[in-house]
Amino acid sequence: MIQAIGITKSFDKLQILKGIDLQVNKSEIVAIVGPSGAGKTTLLQILGTLDKPDDGRVIIDGVDPFRLTGREISMFRNRYIGFVFQFHQLLPEFTAEENVMIPALITREKFSVAEKKARDLLDFLKLSDRIKHKPAELSGGEKQRVAVARALINRPSVILADEPSGSLDTQNREELHTLFFDLRNQMGQTFIIVTHDESLAAKTDRIIHLRDGLVTG
């Protein structure tokens with residue numbers, strides 16, 4: 001479903017990615033691990049179409065997004081890719097419900113439809129009593145679950161997560177990890193997760209090891 005072929009990326013004279021090949025199948029949970037500076041986040045940004053490779057191709061559901069126009073690639077990203085970051089990136093002036101609705105509204109979903117989808121997701125994530133709360137009124141674990149709901153609202157082909165549990169305490173970290181697998185089992189969701197968390201990586205379907213800009217295993 002997702003394929004990277006010969007991905008290279010340099011910043012100035014420093015080559016970060018040196019020819020990455022990988023494939024992730026539908027409903028698979030894959031961890032990308034490696035030391036700092038290995039190129040994990042750079043690779044995730046390219047898979048998420050947030051950055052362009054110098055060379056190589058990315059195919060998502062049969063589409064090479066880097067052949068689209070700027071506006072088309074933005075719409076493709078919003079529809080087919082969900083993001084969960086280490087620090088939730090919620091908009092502080094909006095409620096949990098409003099934050100979750102934003103990607104759906106960008107696709108011009110009717111407000112009432114986006115609102116129902118957001119409420120259903122927040123209910124599924126056991127946040128129905130927090131929908132009108134703003135991020136400052138939520139715990140760290142609640143914020144990250146709101147971020148997961150936001151990533152899910154357009155039913156993307158893949159969710160890309162960059163150190164998603166890195167800012168959470170042990171209990172919230174375990175709950176978030178369990179949630180990812182529940183979403184895969186109940187919704188068929190695909191995840192690519194960059195993580196230093198060995199316990200999370202060990203639970204995934206497959207681990208991709210990155211070192212010095214290359215896949216080593």
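Between atom OG1 of residue T42 and atom CD1 of residue I16 there is a gap of 5.5 Å, rounded to the nearest 0.5 Å. Atoms CZ and CD, on R150 and Q89 in that order, are 7.5 Å from each other to the nearest 0.5 Å. Taken from CD1 in I29 to NZ in K203, the straight-line distance is 11.0 Å, to the nearest 0.5 Å. Interatomic distance, I207 CD1 to L200 CG, rounded to the nearest 0.5 Å: 9.0 Å. Expressed to the nearest 0.5 Å, how far OG1 of T178 lies from CG of L183 amounts to 11.0 Å. Note that the CG atom of L14 and the NZ atom of K9 stand 12.0 Å from one another [nearest 0.5 Å].
Minimum heavy-atom separation, L17 to G39: CD2-O, 3.6 Å. Minimum interatomic distance between S27 and D205 (heavy atoms only, all atoms of both residues): O-OD2, 4.1 Å. The heavy-atom pair separating I7 from A4 by the smallest distance is CG1-CB, 3.8 Å. Scanning all heavy atoms of the two residues, the minimum distance from I73 to L68 falls at N-CB, 4.0 Å. Across all non-hydrogen atoms, the minimal contact from A151 to I159 is CB-CD1, 4.1 Å. In terms of heavy atoms, A104 sits closest to A114 at CB-CB, 3.8 Å.
Side-chain atoms of E163 come within 3.5 Å of backbone N or O of H196 as a donor-acceptor pair. The main-chain N or O of G6 is found under 3.5 Å from a side-chain atom of D21 such that the two form a donor-acceptor pair. Panel note: side chain K134, backbone L91; no donor-acceptor pair is recorded below 3.5 Å. At distances below 3.5 Å, not a single donor-acceptor pair connects side-chain atoms of D162 with backbone N or O atoms of T41. Put simply, the side chain of T8 gets close to the backbone of D55: a donor and an acceptor are under 3.5 Å apart. Within the 3.5 Å criterion, the main-chain N or O of F85 finds a donor-acceptor partner in the side chain of Q144. Using modelled atom types, one side-chain atom of D64 and one backbone atom of F66 make a donor-acceptor pair closer than 3.5 Å. Proximity of a side-chain donor or acceptor of R211 to a complementary backbone N or O of T216 within less than 3.5 Å is not detected. Under a 3.5 Å cut-off, the side chain of R57 and the backbone N or O of Q3 do not form any donor-acceptor pair. N99 places no side-chain N or O within donor-acceptor distance of the main-chain N or O of V146, the cut-off being under 3.5 Å.
No side-chain heavy atom of S74 sits less than 4.5 Å from a side-chain heavy atom of R71. For the pair R77/F83, a side-chain contact is recorded, criterion being any heavy-atom separation below 4.5 Å from C-beta on. Considering only heavy atoms from C-beta on, I32 comes within 4.5 Å of I192 through its side chain. Contact annotation: the side chain of I153 never approaches that of E109 to less than 4.5 Å [non-hydrogen atoms, C-beta and beyond]. Between P164 and L176, some side-chain heavy-atom pair lies under the 4.5 Å cut-off. Counting only heavy atoms from C-beta outward, the side chains of L22 and L43 approach each other to under 4.5 Å. By the 4.5 Å heavy-atom criterion applied to side chains, I46 and V58 are counted as neighbours. Put simply, the side chain of F180 does not reach to within 4.5 Å of the side chain of Q189, judged on heavy atoms.
Linking ILVMFWY side-chain heavy atoms closer than 4.5 Å, directly or via other members, places L179 and L121 in a single hydrophobic cluster. Both I208 and M1 belong to a single network of hydrophobic side chains, linked directly or stepwise wherever heavy atoms of I, L, V, M, F, W or Y lie under 4.5 Å apart. Hydrophobic clustering of Ile, Leu, Val, Met, Phe, Trp and Tyr side chains at less than 4.5 Å, counting indirect connections, unites F191 with M187. Grouping the Ile, Leu, Val, Met, Phe, Trp and Tyr side chains by contacts below 4.5 angstrom, directly or via other members, places V113 apart from I102. The hydrophobic clustering, which links ILVMFWY residues whose side-chain heavy atoms are closer than 4.5 Å, places L214 and V30 apart.
Ion pairing between E97 and K132 holds under the 4.0 Å rule for side-chain N and carboxylate O. Salt bridge present: K116 and D120 bring a charged side-chain N and a carboxylate O closer than 4.0 Å.
For Q23, the CD atom is densely surrounded, since the number of other residues' heavy atoms within 6.0 Å is greater than 12. In the displayed structure, R206 atom CZ is contacted under 6.0 Å by more than 12 heavy atoms of other residues, nucleotides or ligands.
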Side chain to side chain contact (heavy atoms under 4.5 Å, CB included) assessment of L210 paired with I20: CA-CA 9 Å; L210 213 62; I20 299 292; 3.5 Å; yes

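When the ring pair (Phe, Tyr, Trp, His ring centres under 6.0 Å) test is applied to F76, the partners found at least two apart in sequence or on another chain are Y80.
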